[in-house]
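Counting convention: from 1, in listed order, for ligands and their atoms alike. Computed from a predicted model, the values in this text were never measured in an experiment.
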Amino acid sequence: METDAVHPRVLGYLGRALSLELSAVQHYMTQASLVGLWGDEAAADRFRQETVEEMQHAERIVQQMLSLGVAPAASQLHPVTHAADLVGLLEHKAVLEQQLIDHYDEASRFCQLVGDQANGEFFAALLEDEQHHGRDLEAWLQELGGRRRRGYARYGAMAPANNGPRGTSQRNPSQRNLSQRDLSQRASF
Ligand SMILES: [Fe+2]
Ligand SMILES: [Fe+2]
């Protein structure tokens, strides 16, 4: 399909999709590193996996744009937000995932409206992936006690032990310096 056969608004949807996906890559890559600093390698691995999935979405968009004869040019990445604990990070993640869901929902419906079946199917497939991410995220939040129900205290109670030798009930001073709150306060985004 040549560029002039595509509605300009569809190209706009592709451009914004690329910006959102690359924002997600930056966001989840940062979250993976942050929770890694907090000592939660399991959460870091989940964020890393999601970084890869969003990067693959970005690649699909780049390929789609190239197939339409358009140069990919993500306009602006969303700044990374941070929080004092994992539940807070996931709540920020939920905002970004919802933006992606809303965007692909609107884009696929617009394509239907203008009879662009190929791009409509392209956006619909991405919408399905993001809805899947949204469901996974809600399940993860539920594992941690839900949205802000008990927040940090709830997560802290469930986090893997990282407090020194077995049987030691208190953190030593150096470990205390690596607490989630301390690190998030030091982090400058
Ligand atoms: Fe994505
Ligand atoms: Fe996603």
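- Checking each of Gln131, Glu138, His133 against Arg135 for a side chain to side chain contact (heavy atoms under 4.5 Å, CB included) leaves exactly one that passes, namely Gln131.
- Inside a sphere of radius 2.8 Å centred on the Fe ion (ligand 2), the protein N/O/S atoms present are Glu54 OE2, Glu97 OE1, Glu97 OE2, Glu130 OE1, His133 ND1.
- What you find for Leu14 and Phe122 is that their closest heavy atoms are CD2-CE2, 3.7 Å.
- Ser108 approaches Leu127 most closely through the heavy-atom pair OG-CD2, 4.3 Å.
- Rounded to the nearest 0.5 Å, atoms OG (Ser67) and CZ (Arg60) are 13.0 Å apart.
- Taking the ring pair (Phe, Tyr, Trp, His ring centres under 6.0 Å) definition, one finds that Phe47 meets it with Trp140, sequence neighbours left out.
- Ring geometry for Tyr13 versus Phe110: interplanar angle of 30 to 60°, hence tilted.
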